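Keep in mind that what you see is a predicted model, and the values were worked out from it rather than measured. Proteins get letters first, then strands, A, B, ... in listed order; numbering begins at 1 in each.
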Amino acid sequence: MSYPFNEIEPKWQRRWEEAGVFRAISPVPGTAEGTRYREREYYLLEMFPYPSGRIHMGHVRNYTIGDVLARFRFAQGYRVLHPMGFDAFGQPAENAAIKQGVDPATWTDRCVQQMREGLKRLGFSYDWNREVATCDPAYYRWNQWIFLKMFEKGLAYRAGAAVNWCPSCKTTLANEEVIQGNCWRCSTAVEPKELEQWFLKISAYAEPLLADLGKLSDWPERVIAMQRNWIGRSEGVEIWFTVQAGSPVQDSGKRIPVFTTRPDTIFGATYVVLACEHPLVEELIRGKPQEAQVRQFVERVSRRSKQDRAAEGVKKEGLFTGGYAINPVNGEVVPIWVADYVLMEYGTGAIMAVPAHDQRDFLFAREHKLPIRVVIRPPEGDPDPKSWSEAFEGEGTQVNSAQFDELPSTGGKRRIAAWMEEKKTGKRTIHWRLRDWLISRQRYWGTPIPIIYCSACGVVPVPDDQLPVILPKEVSITGEGGSPLGKMKSFVETTCPRCRKPARRETDTMATFFDSSWYFLRFCSPKESTLPFDPKEAEFWMPVDQYIGGIEHAILHLLYSRFFTKFLRDIGLLKLDEPFARLLTQGMVLKEGEVMSKSKGNVVDPDGVIQRYGADTLRLFILFAAPPEDSLEWNDNAIDGSWRFLNRVWELVESVIAAGSVPVRPEPVEGRTRPITLREPQGDRTAQLRRVTHAAIKRVTGDLESFKFNTAISALMEFRSAIEKSAAQGSGPDVRGAVEALVHLLNPFAPHMTEELWARLGHREMLAGKSWPAYEAALLEEKEVTLVVQVNGKVRSRLTVPAGSSSEDLKAKVLADPAVRKWLDGKPPKQMVVVPNRLVNVVV
RNA sequence: GCCGAGGUGGCGAAACCGGCAGACGCGCGAGCCUCAAAAGCUCGUGAGGGCAACCUCAUGAGAGUUCGAUUCUCUCCCUCGGCACCA
């Protein structure tokens, strides 16, 4: 016999929806409507899903965590915004189209519907009135609008560059989408490809994106660290070497800027190295004996993917270009090399090589017999680099450095940098690892980039009144590569908005991370039609008080969203610096230690679990099995524990109902497997039960505040046992009070069952709208406490003593305890440590 | 290499501010119920020793601070995650 979850769950889902209990209500000026709420609003958001069709355990976990918090905040009287939507553009829809011949829009609609139903089956407290889908023109027109604002500010630009190309997806990728050299979506090795593409100048925000990480005190440290790494601030000096005059290079006197974080080692620069893609390489080798050889080398290296280059590891290849450069600090002439270990995309694409004090330069110099000159003498060891097995990168005394000789190298960076600035041979700069964000995708199912190319006017933005540029439907998607829109004359051919002459539309679409970089703002006013969102609504709801999602977005989505927020602030639409005040990154759901995936065949389908146990059991188990940030090992057996617990709660409450509010000895109820016998109250059981009840309220409330759902549930399990025990022993009318508290506290976790029980207990109001129970501190006080008695730090006895006993009383009692006397062996104690109401330690 | 998170029973995990290590749950064992099984219920369950009351050992390893350390400090080992020829 088990409780009828399959009748209960749909019923309450319907009732919540009909009553609109989870609708977010913005304040209307001049009404008293606000009295229902606390001062504060609460915006709770979980990362919206890509509508792939079925929901998986990862979704269940993410959204259950969010739902428990949302229901808890609702109960606390906050004005809650808890929306849901769909990140509906993207490649899978297109791949389905290619494979099954379905229109991506139709496929997506179907998936969204399925997904929405799946979410509803779990009883989540969303305000479905605010649902958005990014593939809706009413949504993506604002992608286009934001893009054009960026274009207007010079933050969206078109440039040719060697970009990341995924040969399998047949599209370009952002740096953030390249995971260890592979495509984030299909794991194919990414290749460099020279293309003209649209970029967003996220690098213009590198400084604030880094600095404002300091404001995110409620973000997990690892996410902050990942973003800090990704942005990669590096303080140093740009030094200007010049190409030697009189060399065969025509335009001699040309500068080669190099970037270094170690200006203190400038006197030890014995050669200069250019990246293979460096524009000066070609000039330097022209007409030289090494011309053909170098050109061949450069071509070979440039063809290799970044990953391949790194995989070669320590082996560094390079060639002399035939050219020389002049070190600006001492006029020394040094050879210019080209090598694979210098990257065009970092710094200036050229370095000064200091083999004595940089490990990479050291290995390269050894390999190619280049001079190694010590300019920082190590405090100990052989000063002759011939005996070294590696470069000395530490601090020491400066040598071979002209007027800086014999100074300690600590502070050398600052001294030499200042001197170079004075002599105008270099300047202090900051370099960033963060690259601009490539957003062009040669795919169909995305937001059209609202740009028109005119042979007369050039790059022309689509005027505001012509937005949105609608993504046409009747497109043939072949998967053969190239933008599918490019094959559609009716789309491509247009007129220039400026000169009215024939022109062509941009045929690439936007990366879908564009769509998700501001959706949290759209939820504040999803029907807004004159702007992406109503700035007043955004000011009211934003920032998101609690954001919940997977760690896999630590740099992608979470960095882009921060960038968008700052941009929208700068154009006056927002008044905040950061979009997400608190972030919770939930762990993955694993089976047999591995991520669930179709290819591994270890997927547990949430719908199957719901059919067998109901949504409440699934929710409860997924919260109980592990703390939210840890990975969770799915266990088909362990879920029975949650199932049993809910059934026991059901039985307990039903017994209490059957017994009436004042418990008497009831007849065992027909069909119940475990009738609970209630007796007449005895002694102070009533007070005891009341104490347990208030202790449970305190624990569960505290655990919910700090996201410790697993221990909150264990506290509820203990509470249930305590009520049952108490009821069986007779504890008076308070059994009903205790049971009601149990049902109430369990509500955020198992909302359907608890609503049903609440109603059966005779309440007309739904639990969903009811305010959270409070505990009374006075009721928590116990008359007696168990005192732990230690001898030399080891537990030897336990004593039950009145709460609040004085130190003297405790000492006397402890010394009288036979278990203690046994260990004292007649000797007086050396010392006694007393922790009131807790412990006494006797030191012998 | 750099950055981050971790290491506690057979398993998932608890332990507030330094104060009973292993709550709660799974699994396992015994029993009840049953013609039998499933379900359900009751009790037990870190390791070792003892008939027992009890005793010894135990939170990755080693040291330190302390009356007392899973918790604080240092050294080391291992696992996971991110970045990585970043000048």
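A salt bridge is absent between A/Lys413 and A/Glu235; no separation between the charged side-chain nitrogens and carboxylate oxygens falls under 4.0 Å. The pair A/Lys591-A/Asp636 meets the salt-bridge criterion, with a side-chain N (NZ, NE, NH1 or NH2) lying under 4.0 Å from an Asp/Glu carboxylate O. Salt bridge A/Glu724/A/Arg648: absent, no basic N to carboxylate O contact under 4.0 Å.
Atom-to-atom, CE of A/Met344 to P of B/A87 comes out at 16 Å; the value is rounded to the nearest Å. Atom P of nucleotide B/G82 and atom CD1 of A/Ile224 are separated by 18 Å, given to the nearest angstrom. We find that CD1 of A/Ile351 is positioned 10 Å from P of B/C86, with the value rounded to whole Å. Atom CZ of A/Phe621 and atom C1' of B/C11 are 11 Å apart (whole Å). A straight line from CZ of A/Arg435 to C1' of B/C83 spans 15 Å, rounded to a whole angstrom. Atom-to-atom, CD of A/Glu629 to P of B/G81 comes out at 17 Å; the value is rounded to the nearest Å. Rounded to whole angstrom, the span from the CG atom of A/Asp264 across to the P atom of B/A87 amounts to 13 Å. Per the geometry, CE belonging to A/Met226 stands 11 Å off C1' belonging to B/C80, to the nearest Å.
Within the shown strands, nothing qualifies as a pairing partner of B/C51 under the Watson-Crick or G-U definition with both distances less than 3.5 Å. Across all strands shown, B/C41 forms a Watson-Crick or G-U wobble pair with B/G31, both key distances being under 3.5 Å. Pair check for B/A36 finds none; no Watson-Crick or G-U wobble contact set falls under 3.5 Å. Of the nucleotides present, B/C11 is the one that pairs with B/G25 by Watson-Crick or G-U wobble criteria, both distances under 3.5 Å. B/A61 is paired with B/U75 under the criterion used here, namely a Watson-Crick or G-U wobble arrangement in which both key atom distances are under 3.5 Å. Using N1 to N3 plus N6-O4 or O6-N4 for Watson-Crick, or N1-O2 and O6-N3 for G-U wobble, each under 3.5 Å, B/C2 pairs with B/G82. With a 3.5 Å ceiling on both atom-pair distances, the Watson-Crick or G-U wobble partner of B/C67 is B/G19.
Residue A/Arg796 is classed as a sugar-phosphate contact, given heavy-atom separations below 4.0 Å to backbone atoms only. No engagement by A/Trp643 is indicated, since no non-hydrogen atom pair under 4.0 Å with the nucleic acid exists. Using a 4.0 Å heavy-atom distance criterion, A/Pro220 is classed as making no nucleic acid contact. Heavy atoms of A/Lys794 sit under 4.0 angstrom from primed sugar atoms or phosphate atoms, though from no base atom. Residue A/Lys708 is in sugar-phosphate contact alone, with no base atom involved, counting any heavy-atom pair closer than 4.0 Å across all strands shown.
Taking only side-chain nitrogens and oxygens, A/Lys591 never comes nearer than 4.0 Å to OP1 or OP2 of B/G12. Distances shown here put every side-chain N or O of A/Lys316 at or beyond 4.0 Å from the OP1 or OP2 atom of B/A87. Between B/C2 and A/Trp230, no contact under 4.0 Å exists linking OP1 or OP2 to a side-chain N or O. Applying the 4.0 Å criterion to OP1 and OP2 of B/C83, one finds that A/Arg228 has every side-chain N and O outside that range. Distances shorter than 4.0 Å separate some side-chain N or O of A/Arg433 from OP1 or OP2 on B/A84.
Distance from the side chain of A/Ala625 is smallest to B/G12 among B/G4, B/A87, B/G12. Minimum atom distance to the side chain of A/Lys822 is reached by B/C54, of the listed B/G4, B/A87, B/C54. Here the side chain of A/Leu343 is nearest to one of B/G4, B/C67, B/C86, namely B/C86.
Going from the P atom of B/C26 to that of B/G81 covers 31 Å, rounded to whole Å. Spacing between B/G82 and B/C74 at atom P, rounded to whole Å, works out to 28 Å. A gap of 10 Å separates the C1' atoms of B/U65 and B/A69, to the nearest Å.
The nearest heavy atom of RNA chain B to A/Thr348 and to A/Pro627 marks one nucleotide each, and the one closer to the 5' end goes with A/Pro627.
For A/Trp437 and A/Phe513, the ring centers are positioned 6.0 Å apart or more. Aromatic pair A/Phe5/A/Trp643: centroids less than 6.0 angstrom apart.
In the displayed structure, A/Met588 atom CE is contacted under 6.0 Å by at most 12 heavy atoms of other residues, nucleotides or ligands.
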(message) Walk along nucleotides 19-34 of chain B from 5' to 3' and tag each nucleotide B, S or - by protein heavy-atom contact under 4.0 Å, base first, then sugar-phosphate.
(response) BBS-BBSSS-------
